[in-house]
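Start at 1 and go down the list; that is how both ligands and their atoms are numbered.
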Amino acid sequence: MAKSLLVTGGAGFIGSNFVRYWYKHYGDRVVVLDALTYAGNRQNLAGFQQNDTEDSRFVFVEGDVCDRALIEQLLATYNIDTVVHFAAESHVDRSILGPGVFVRTNVVGTGVLLAAMCDRWQAQGNPDHYCFLQVSTDEVYGSLDMDAAPSVETDAYCPSSPYSASKAGADHLVRAYYKTYGLPTIITCCSNNYGPYQFPEKLIPLMCLNILLGKPLPIYGDGQNVRDWLHVHDHCSALAAVLEKGQPGSVYNIGGCSEMTNLAVVQRLCDLMAEAMGELLPVEPRKLITFVRDRPGHDLRYAMDITKIQRETGWALTYDFASGLKQTVDWYLANRRWWEPLLSSEYEAYYKALYGKTF
Ligand code: NAD
Ligand code: TDX
């Protein structure tokens, strides 16, 4: 049966990759709702033409997930049965500089969407095929010791940053809507995504662009914190697998089985960029590596046990980190016209506030 999807945050990094993935593999209607904050970019969906007719397969609406009247109107107009909820403030460092908007968008916004979706679901007679998919993060489980087993879905939440606490709060609301009202919900917790269209504030694109521009490469603390890297395409296929075969009320971990220290990731990026650009780079990349003050509350390590999603849906990874990283570097090299406008005065102000005036 064809679905009608509301994709919140569909003009962001993962959301836009998901829209492209879904459009390619399924015939369903996709309605994107995005507030186009600094992280949202209509260019991420270039090629998707706006068409406002009710039978259109693609619709883009600029709006806020906290706007209950708008959400109700979209759910009714487009007969939405599936919400894929990406919209969020997503950057840990920004949450440390200013937590308020994280509470508003991530917690209140999720609450508004859930309430509107639940009302509609009940008004339609509690149909089984509805789904509210909450796209969450490995960070809700908190920091792991180096020798600890990867996080499993039954682990207690223990978030460290305002960002991860706001995602945890949202996840609790999602759980509550399943337990209290029976609304069919699924939560996915995934590790660090990388790939095309990621905003330059995040580790991998930030380092790529700084290497190109000859700017210092800021590594927090001693660079020994570990993240697990998941190619965004594999994340999208995992979300599709969960939408097709996941059990209502469940949580699924999604990871890339590619744990690395931050320093090792940046060194690898330096080498890839040097291979690709050679003498054209302003400074030899490894010479740009600079250790800076650690992020407050910096989680040491995240790692995901992905047995459950593999067993229940048959989903499998298709990217290994080495080739995925090379593809990503090549994408940033080929798409200067996409990223150059993002280095705006807003970005400069954020950069100065975080890294200091002289950095
Ligand atoms: P992103 O910051 O690139 O995109 C977020 C999008 O949400 C933007 O398009 C923005 O305009 C939109 N948005 C923000 N506030 C909004 C509001 N009030 N109303 C409507 N739209 C709003 O984020 P991303 O990296 O694509 O992450 C997407 C989701 O995946 C987030 O929920 C994030 O917590 C989660 N996640 C991300 C990662 C990662 O590595 N990037 C890992 C795990 C989980
Ligand atoms: O300049 C930097 N220097 C540095 O050492 C930046 C931006 C990051 N780091 C470190 C901090 C982290 O240990 O690199 C690691 C990755 O940092 P980010 O790219 O900011 O990602 P992270 O904080 O791990 O969170 C990401 O993964 C989980 C996403 O931003 C979240 O949305 C997601 O939930």
Open item on the list: Does any N or O of ligand 2 fall below 3.5 Å from an N or O anywhere on Ser90, backbone included?
Closed with: yes
Open item on the list: Is the contact between Lys202 and ligand 2 made by the side chain, the backbone, both, or neither, using heavy atoms and a 4.0 Å cut-off?
Closed with: both
Open item on the list: For ligand 2, which is the ligand I care about here, please tell me if Tyr302 has any N or O atom under 3.5 Å from one of the ligand's N or O atoms.
Closed with: no
Open item on the list: Just to check, does Lys167 reach to within less than 4.0 Å of ligand 2 when the distance is taken from its heavy atoms?
Closed with: no
Open item on the list: Are more than 12 heavy atoms, taken from residues, nucleotides or ligands other than Tyr181, located less than 6.0 Å from that residue's OH atom?
Closed with: no
TODO: Under 4.0 Å, heavy atoms only, figure out whether ligand 2 is touched by the backbone of Asn262, its side chain, both or neither.
DONE: side chain
Task: Lys215 charged N/C atom sitting above Tyr351 aromatic ring, 6.0 Å / 45° - done: yes
- [ ] Establish, yes or no, whether the cationic atom of Arg20 lies under 6.0 Å from the six-membered ring centre of Tyr197 and within 45° of the ring axis.
- [x] yes
Open item on the list: Between Arg94 and Glu346, does any NZ, NE, NH1 or NH2 come within less than 4.0 Å of an OD or OE carboxylate oxygen?
Closed with: yes
Task: cation_pi(Arg268, Phe321) dist<6.0 Å, angle<=45 - done: no
Open item on the list: Under a 4.0 angstrom heavy-atom cut-off, which atoms of ligand 2 come close to Pro218?
Closed with: 1 (O), 2 (C), 3 (N), 4 (C), 5 (O)
TODO: Output yes when Glu275 and Lys326 qualify as a salt bridge under the 4.0 Å nitrogen-oxygen rule, no when they do not.
DONE: no
Task: Amino acids in close contact with ligand 1, where any non-hydrogen atom sits under 4.0 angstrom away - done: Gly9, Ala11, Gly12, Phe13, Ile14, Asp34, Ala35, Leu36, Thr37, Ala39, Gly40, Gly63, Asp64, Val65, Phe86, Ala87, Ala88, Ser90, Thr105, Val135, Ser136, Thr137, Tyr163, Lys167, Cys190, Ser191, Asn192, Asn193
- [ ] Kindly say whether Ile96 contributes a backbone atom to a donor-acceptor pair with the side chain of Arg295 at under 3.5 angstrom?
- [x] no
Task: Tyr220 side chain to Asp93 side chain, donor-acceptor N/O pair below 3.5 angstrom - done: yes
Task: ligand 2 N/O within reach of Glu139 N/O, cut-off under 3.5 Å - done: yes
Open item on the list: According to salt bridge (charged side-chain N to carboxylate O under 4.0 Å, His left out), who are the partners of Glu312, at least two apart in sequence or on a separate chain?
Closed with: none
- [ ] Would you tell me which option among Arg295, Arg94, Arg227, Arg301 has the nearest heavy-atom contact to atom 17 (O) of ligand 2?
- [x] Arg295
Open item on the list: Polar contacts were defined as any N/O atom of the residue lying under 3.5 Å from an N/O atom of the ligand; does this apply to Thr137 and ligand 2?
Closed with: yes
Task: Polar contact flag for Tyr220 and ligand 2 (N/O pairs, less than 3.5 Å) - done: yes
TODO: Measure Asn193 to ligand 2 on non-hydrogen atoms and call it side chain, backbone, both or neither using the 4.0 Å cut-off.
DONE: neither
